[in-house]
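What follows is a single structure, written as structure tokens, with notes after it.
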Amino acid sequence: MPELPEVETIANDIRPGLVGSTLESVRVLRADVLRGVTARRFERALRGRRVAAVGRRAKHVVIELDDEHRVVIQPRMTGSLHVSAANGASDRYVVIAADLSTGRRLVFRDVRRLGAVHLLTPAAWRRYTERLGPEPLERGFTAPRLLAALAGRGGRGGRLAVKKALMDQRRIAGVGNIYANEALWSAGLDPSRPAGTITSAEARRLLRALVAVLRRSIRGRGTTVRDYRTGTGEAGTFQSRLKVYGRAGRPCRRCGRRLVLTHAVDARATYFCPGCQR
DNA sequence: CATGACACCTGCTCGC
DNA sequence: TGCGAGCAGGTGTCAT
């Protein structure tokens, strides 16, 4: 679910309540979200640790501890994180709860439990993040770099649909289905175009579109279509500004043609305008 | 290396 | 009203 803007919002929201506080007791209620670590080991490793920093990498929330280990949380489709009063109501979807020295509680909740939680050493973190591509909002991410990223390692991804390439986290990290749809519409590009046919001029348009939609969404605290909640438990607001996602059958805001929904690209919901996306 | 099928889970919506 | 089918913003694995 959450893509880059949503995870950025979550990380920004929970940071003030976490940094500097100590994790006093940690309970894993649904061990199947843990990857590569048992509930017992996870709970013991976190207990007594102070939170040094909270960040984001692509669609992953990164909680850095004072012993340099990192807790990496991937909300995937239905995961949400937030810091609240320790006596707040709980429910059966809470996966991990950690009581803080401030008297508050950090909760990871995930209805479908497709989310993933890792506990990583510095070396494991390096390997983890190296598997992810560059981020569209990072400094120096230019149109030529976008083109190279879309082509993939060794430049062999030229036949891949540009939408699929955009969503491939090893090529570019942080973009998911909603923002891929939005950016391609904004740039006037057909989602099924092979990535290798994108020209330099089109790459410049795509990059501008991508950066603009991600920044605007962050400003709007993300897009809530159904499950996503910010780190303070609210819905985002960017859904009201979407131009194509979820608008099949309605007129294109640029050319007036009816927008189309297809599952032809990677079996994912792809919305586009047959009139002005080429 | 690319692709497509399938798996992981649960809840909600829609059509009958 | 009830029930099953299909769908959901993500990603990992497996066979081809």
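Residue numbers start from 1 in every chain, and the chains themselves are labelled A, B, ... in the order their sequence lines are given, proteins ahead of strands.
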Nearest to the side chain of [X] - [options]?
X	options	answer
A:N177	C:dG10, B:dC9, C:dA8	C:dG10
A:R76	C:dA8, C:dT11, B:dA2	C:dT11
A:E3	C:dG10, B:dT3, B:dT10	C:dG10
A:M77	B:dA2, C:dA8, C:dG12	C:dA8

Rounded to whole Å, please give me the gap between [atom1] in [X] and [atom2] in [N].
X	N	atom1	atom2	value
A:R131	B:dC1	CZ	C1'	17 Å
A:R92	B:dC9	CZ	P	15 Å
A:I10	C:dG10	CD1	C1'	14 Å
A:R109	B:dC9	CZ	C1'	14 Å
A:D168	B:dA2	CG	C1'	10 Å
A:R170	C:dG10	CZ	P	16 Å
A:R159	B:dT3	CZ	P	7 Å
A:K163	B:dT3	NZ	P	14 Å

Side-chain ion pair, [X] and [Y], N-O less than 4.0 Å:
X	Y	value
A:D190	A:R278	no
A:K59	A:E3	no
A:E138	A:R57	no
A:D99	A:R27	yes
A:D13	A:R221	yes
A:D266	A:R268	no

Counting just side-chain N and O atoms, does [X] come under 4.0 Å of either OP1 or OP2 of [N]?
X	N	answer
A:Q74	C:dT11	yes
A:K59	C:dT11	yes
A:Q169	C:dT11	yes

Counting any heavy atom closer than 4.0 Å, what does [X] reach on the DNA or RNA strands: base, sugar-phosphate only, or nothing?
X	result
A:V225	base
A:H263	sugar-phosphate
A:A267	nothing
A:Y179	nothing

Query - Set of ring pair (Phe, Tyr, Trp, His ring centres under 6.0 Å) partners for A:H118, sequence neighbours left out - result: A:Y128
Is it true that [Y] and [X] share a donor-acceptor pair across their side chains at a distance under 3.5 Å?
X	Y	result
A:Q277	A:Y271	no
A:N181	A:K243	no
A:T78	A:D227	no

Requested in this report: Could you identify which residues of residues 113-125 of chain A place a heavy atom less than 4.0 Å from some atom of DNA chain B, listed by residue number, or say none?
Outcome: A:R113, A:L114
Report task. Could you measure between the two P atoms, the one in C:dG6 and the one in B:dA5, and give it in whole Å? Result -> 16 Å
Query raised in the report: Distance between the C1' atoms of C:dT11 and B:dC12, in whole angstroms?
Result: 22 Å
Query raised in the report: Is there a donor on the side chain of A:R112 or the base of C:dA8 sitting less than 3.5 Å from an acceptor on the other?
Result: yes
Query raised in the report: When you look for runs of 3 or more Watson-Crick or G-U pairs in a row, both distances below 3.5 Å, which of them include DNA chain C?
Result: B:2-8 with C:10-16, B:10-16 with C:2-8
Query raised in the report: Quick one: are A:F238 and A:V213 in side-chain contact, heavy atoms under 4.5 Å?
Result: yes
